[in-house]
Amino acid sequence: MTLRLFNTLTGQLDPLEPADGKALRMYACGPTVYDYGHIGNFRTFLQIDVLRRFLRLIGTPVRHVMNITDVDDKIIRNSAEAGIPISEYTARYVEAFFEDFEALRIERPEQIARATEHIPQMVALVEKLAAAGAAYKAEDGSWYFRLAAFPEYGKLSKKDLSGMEDGARVDVDEYEKDSARDFALWKAAKPGETSWETAIGRGRPGWHIECSAMAMEYLGESFDLHCGGEDLMFPHHENEIAQSETATHKPFARHWMHVRFLLVDGRKMAKSEGNFYTVRGLLLKGYKASAIRLALISVPYHRQFNFTFDSLADATNAIERLRTFRERLAAGTFRAGENPAIQEAAKKAQAEYRDALADDLNTAEARAPIFELIRAANTAIDQGQFFAADRDAILPVLKDFDAVFDVIEDRDAEPTRRALAWAEKGGRMGDVSPELLAAQSLTDEAIDALVAERAAAKRSRNFDRADQIRNELAEKGVVIEDSKDGVRWKRK
Ligand code: AMP
Ligand code: ZN
């Protein structure tokens, strides 16, 4: 099976396969660690996680490199305001980023590359461009890429750049999205700013050169896939291509994947818009990490996703259905034999699931057959038409589903616990929802004791007390389930 993935560069669905026949070499633009990431950022990382997990499912190993931009205009400004070195300023946000990464069960890339640890590679690339006549030094000591040196500029974003002004320059990391200018490769040191003493002068790297230098360091001059959010297509990725291909005369990445934006009320979710939610913020509101994951991946990457709290509630319900069903299969005893209709349904669901993901990672279409299968199986179980071989046919389908979606196994307690510890430490307990506070006030041992007391009350026919305990637990988000195998409880 081959994944066909939309390629921004060719404008069509192209098969994604390792050029070396071994592992797929891919680079993803990572976070700028000047603040906590928002769920828009994490939508992008989650969709890239879907990609790498699906590749593994179909037998393609990946070598995935992600950078961390730990020096840029905002970081320099904020750390100066806080009066601390940039390394100290960014450390907190790097830690928070990986905490959120883990909470959402995003797999760690094989290689994490920090910009500040690759300055020599960036300097070498600027020198190479200078030697080729494609980079020049301005009066203040900063270095710029000469756009005129790369006639193919614009081939990724397909922008009409005919009005491009020769020699006009830009040196800030964020600028008007529609104008093409000679861009900064290296910025001369300004008084009081973090800088490095190098062969091209004292200064710090521009944002674009970071990704080119680190991608080539770990993946070689040409590699299979480059990913990022849709906002990076221009100018960031266009600039990466210009620098890299001018320096090497080889194609940089063959395939480009851009994840469409997460919106709120039709507008892009962004720090600057003030309309953002963080992962920890949602955990403190009482949403489970698995529900955030499922909501953010269920709309395919090639479509924008308008985020709503309803989408989180839907994801919560869907996960409940998946977990209850898996539990039903695991706990039930089924007679030997098989139901041909269920056997057929399991095969069909698995094929449709894989086909949908192979078709440009269509997560929405991939989910649907799994839930259909659950419906059919539940009906068969209710009717006594479900057998041991049916369970054995369905379990691998659920396993395939979870290899990519990863929400059935319940690992939700830990991220919530960590978010609460973070809120407590930072004096943010006011952000915690009352329901979550109430639920957390009960330890597992206290719940066990109440459940035992309820059982004793029932035995002595004190049903009022038994009901009272059940209600008290329910108010704190603990559900009791009586079954023929005994009493079980779970946190909602
Ligand atoms: P940053 O930390 O701003 O460099 O962004 C990290 C990643 O998140 C980049 O790939 C961005 O393209 C992506 N990103 C930023 N905002 C959004 C959004 N609203 N929806 C989806 N991805 C986003
Ligand atoms: Zn980048």
Side-chain angles (χ1 to χ4, degrees), residues 8 26-51 64-75 78 90 93-94 96-98 100-101 104 106 109 112-115 118 122 125 156-157 173-174 177 183 185 205-219 223 225-244 252-253 256-279 292 295-297 299-307:
T8 311
M26 60 183 273
Y27 184 89
C29 292
T32 306
V33 283
Y34 73 100
D35 202 343
Y36 295 103
H38 56 66
I39 56 169
N41 302 131
F42 285 103
R43 176 184 201 218
T44 290
F45 299 119
L46 277 164
Q47 296 286 357
I48 295 170
D49 189 54
V50 166
L51 168 88
H64 174 184
V65 179
M66 182 183 78
N67 70 297
I68 293 186
T69 299
D70 56 356
V71 54
D72 90 325
D73 294 347
K74 281 192 268 221
I75 291 170
N78 294 2
T90 56
Y93 297 114
V94 172
F97 176 78
F98 284 112
D100 293 348
F101 224 65
L104 298 175
I106 304 174
I112 309 276
R114 293 179 68 135
H118 297 81
M122 299 173 203
L125 189 51
L156 180 70
S157 57
D173 292 334
E174 290 176 287
K177 297 289 181 204
F183 55 88
L185 296 163
W207 172 34
H208 317 297
I209 197 84
E210 288 177 15
C211 286
S212 288
M214 294 191 285
M216 293 198 275
E217 169 79 8
Y218 294 106
L219 299 173
F223 53 95
L225 172 70
H226 196 311
C227 336
E230 61 174 311
D231 58 327
L232 301 187
M233 192 192 305
F234 182 89
H236 182 53
H237 290 162
E238 206 74 76
N239 291 355
E240 279 189 47
I241 292 175
Q243 298 160 156
S244 310
F252 184 48
W256 290 79
M257 170 193 186
H258 290 102
V259 180
R260 304 293 308 275
F261 265 151
L262 183 72
L263 310 177
V264 188
D265 300 326
R267 285 185 305 147
K268 142 183 182 186
M269 178 174 286
K271 281 272 143 75
S272 54
E273 301 262 348
N275 61 356
F276 62 90
Y277 298 101
T278 59
V279 174
I292 305 172
L296 292 175
I297 63 181
V299 172
Y301 84 91
H302 55 253
R303 257 194 260 145
Q304 291 189 327
F305 171 34
N306 204 10
F307 173 76

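Any value given below was found using the heavy atoms of this structure, including those in side chains, with hydrogens, waters and symmetry copies removed. Just follow the structure's listing: the first ligand is 1, and inside any ligand the first atom is 1. Just so it is clear, the structure is predicted and the values come from calculations on it, not from any experiment.
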Atoms in ligand 1 with a heavy atom of G30 nearer than 4.0 Å: 4 (O), 6 (C)
Sub-4.0 Å heavy-atom contact, H38 with ligand 1: yes
Proximal atoms of ligand 1 relative to L232 (non-hydrogen, under 4.0 Å): 9 (C), 10 (O), 12 (O)
Within reach of ligand 1, part of N41 (heavy-atom separation under 4.0 Å): both
Protein contact to atom 18 (C) of ligand 1 [nearest heavy atom, distance to 0.1 Å]: F261 CD2, 2.8 Å
Proximal atoms of ligand 1 relative to P31 (non-hydrogen, under 4.0 Å): 2 (O)
Protein residue, atom and distance nearest to atom 19 (N) of ligand 1, heavy-atom basis: M269 O, 2.9 Å
Proximity to ligand 1 by part of T32, non-hydrogen separation under 4.0 Å: both
Separation of T44 OG1 from H258 NE2 (nearest 0.5 Å): 10.0 Å
Closest protein heavy atom (residue, atom, distance) for atom 11 (C) of ligand 1: D231 OD1, 3.5 Å
Sub-4.5 Å side-chain heavy-atom contact between P31 and N41: no
Output field: ring centroids F45/F97 closer than 6.0 Å: yes
Metal-centred angle, SG of C211 through the Zn ion (ligand 2) to NE2 of H236, rounded to 10 degrees: 110°
2.8 Å cut-off met by an N, O or S atom of C29 to the Zn ion (ligand 2): yes
Worked check of ring pair (Phe, Tyr, Trp, His ring centres under 6.0 Å) between F223 and F252: CA-CA 6 Å; F223 53 95; F252 184 48; 5.0 Å; yes
Proximal atoms of ligand 1 relative to G229 (non-hydrogen, under 4.0 Å): 10 (O), 12 (O)
Whether F183 and H208 hold their rings parallel, tilted or perpendicular, with breakpoints at 30° and 60°: perpendicular
Approximate separation, where rounding is to 0.5 Å, of H118 NE2 and N67 CG: 10.0 Å
N/O separation below 3.5 Å, R43 to ligand 1: no
Which of the ligand 1 atoms, numbered from 1, are nearer than 4.0 Å to a heavy atom of T44: 10 (O), 13 (C), 21 (C), 22 (N), 23 (C)
